[in-house]
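Nothing fancy with the numbering, it's 1 onward along the sequence.
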Amino acid sequence: MSPETDFPGTGSAGPGSRLLLVRHAKAEPKGRTEDFDRKLSPRGRADAAETGRWLERSPYRPELVLCSPARRARKTWRLAERELSDPPPTVYDERLYNAAPNALVTTLADHGAGLGVLALVGHNPGLHQLAAGLCGQGPPHLLEQLRAGFPTAGVAVVDLPEGWTELAPGRGTLVAFWTGGE
């Protein structure tokens with residue numbers, strides 16, 4: 001688990017953009033219901049609130065949240081945003097449900113115009129693939145952590161110097177990777 005008060009690289013995203021990738025919290029096992037309608041487990045509910053508390057303590061403030069409409073992603077964000085003193089608006093976009101990295105990039109470009117900081121609440125494997133693909137720079141220990149996996153309720157903070165329309169492999173800098181939910 002990352003230290004709660006350690007926020008390396010907390011400076012402004014500069015002329016580019018900043019992306020907060022949030023993986024939904026732990027859900028009930030597959031098979032009990034349709035995948036889209038899976039609920040959060042008790043641990044997932046607690047972890048989602050913990051993610052919100054971390055975001056509240058952090059200097060990372062999204063101007064907009066893009067969230068998968070799947071039940072587990074919606075509930076993760078609803079529990080997390082309750083912990084925020086000034087929650088941003090949320091857009092639920094069907095393209096984010098179990099999306100591949102290219103669909104995530106398209107959705108970010110579509111919604112990101114004019115915004116400096118976006119959060120995206122979604123699913124693995126696409127979220128992990130996007131984060132690992134974008135992050136060509138950052139502290140080696142964080143990059144190694146990210147390559148190892150993207151745990152439920154985790155948050156990757158990525159600076160993108162060229163903004164939303166120029167998302168390309170290796171162009172991002174991993175600024176923080178919070179894994180308190182695992």
Side-chain angles (χ1 to χ4, degrees), residues 1-25 47 51 54-55 57-68 70 73 76-77 80 88 90-182:
M1 179 184 311
S2 300
E4 293 179 5
T5 56
D6 183 24
F7 299 112
T10 57
S12 162
S17 303
R18 178 168 280 165
L19 175 60
L20 283 68
L21 295 169
V22 181
R23 183 174 174 205
H24 69 75
D47 289 349
T51 297
W54 182 82
L55 287 168
R57 289 188 307 268
S58 83
Y60 311 118
R61 298 286 180 256
E63 298 164 63
L64 179 69
V65 174
L66 303 175
C67 187
S68 163
T76 295
W77 182 245
T90 303
V91 172
Y92 296 95
D93 192 312
E94 292 178 9
R95 296 176 292 176
L96 300 176
Y97 173 61
N98 282 338
N102 61 342
L104 297 174
V105 166
T106 298
T107 306
L108 288 167
D110 288 350
H111 289 283
L115 298 175
V117 184
L118 285 177
L120 188 152
V121 182
H123 311 268
N124 269 0
L127 204 66
H128 182 229
Q129 292 167 346
L130 176 63
L134 285 175
C135 294
Q137 301 172 37
H141 72 284
L142 291 181
L143 291 168
E144 184 177 320
Q145 247 188 312
L146 177 60
R147 280 191 294 273
F150 201 132
T152 56
V155 181
V157 181
V158 183
D159 280 356
L160 304 162
E162 296 167 24
W164 306 115
T165 58
E166 299 296 326
L167 294 175
R171 296 278 182 90
T173 300
L174 184 61
V175 181
F177 188 50
W178 185 75
T179 59
E182 188 63 13

Distance-minimising heavy-atom pair for A73 and C67: O-SG, 3.5 Å
Which atom pairs, one a donor and one an acceptor, fall under 3.5 Å between side chains of residues 108-115 and the rest of the protein, sequence neighbours left out?
from : atom 1 : to  : atom 2 : distance (Å)
D110 : OD2    : R95 : NH1    : 2.5
D110 : OD2    : R95 : NH2    : 3.4
H111 : NE2    : D93 : OD2    : 2.9

Gap between atom CG of L21 and atom CG of L104 - 0.5 Å precision: 8.0 Å
Close side-chain approach of Q129 and N124, heavy atoms under 4.5 Å: no
Partners meeting side chain to side chain donor-acceptor pair (under 3.5 Å) with E162 (sequence neighbours left out): R171
L143 CG to F177 CZ distance, which is reported to the nearest 0.5 Å: 10.5 Å
Student check: side-chain heavy atoms of L20 and L55 closer than 4.5 Å: yes
Criterion side chain to side chain contact (heavy atoms under 4.5 Å, CB included) on T107 and L120, from CA distance to verdict: CA-CA 10 Å; T107 306; L120 188 152; 5.7 Å; no
Pairs meeting criterion salt bridge (Lys or Arg N to Asp or Glu O under 4.0 Å) with involvement of residues 149-158, two or more places apart: none
CG-CG distance between L167 and N102, expressed to the nearest 0.5 angstrom: 12.0 Å
Under 3.5 Å donor-acceptor, S17 side chain and L160 backbone: no
Nearest heavy atoms of T152 and A25, plus distance in Å: CB-C, 3.9 Å
Heavy-atom donor-acceptor pair, T51 side chain to A80 backbone, under 3.5 Å: no
L142 to A176 - nearest heavy-atom pair and separation: CD1-CA, 4.0 Å
With sequence neighbours excluded, residues passing side chain to side chain donor-acceptor pair (under 3.5 Å) with T173: none
Euclidean distance, D47 CG relative to W54 CH2, rounded to 0.5 Å: 14.5 Å
Side chains of V157 and R18 in contact at under 4.5 Å (non-hydrogen atoms): yes
Within-4.5 Å side-chain heavy-atom neighbours: Y60 and V155: no
Contact summary for S68 and Y92, nearest pair of heavy atoms: O-CD2, 3.9 Å
Contacts of type side chain to side chain donor-acceptor pair (under 3.5 Å), residue N98, not counting sequence neighbours: D35
Contacts of H123 that satisfy ring pair (Phe, Tyr, Trp, His ring centres under 6.0 Å) - sequence neighbours left out: H24, Y97
E63 CD: over 12 foreign heavy atoms closer than 6.0 Å: yes
Nearest heavy-atom neighbours spanning L174 and A156: CD1-CB, 4.1 Å
Within-4.5 Å side-chain heavy-atom neighbours: P88 and L64: no
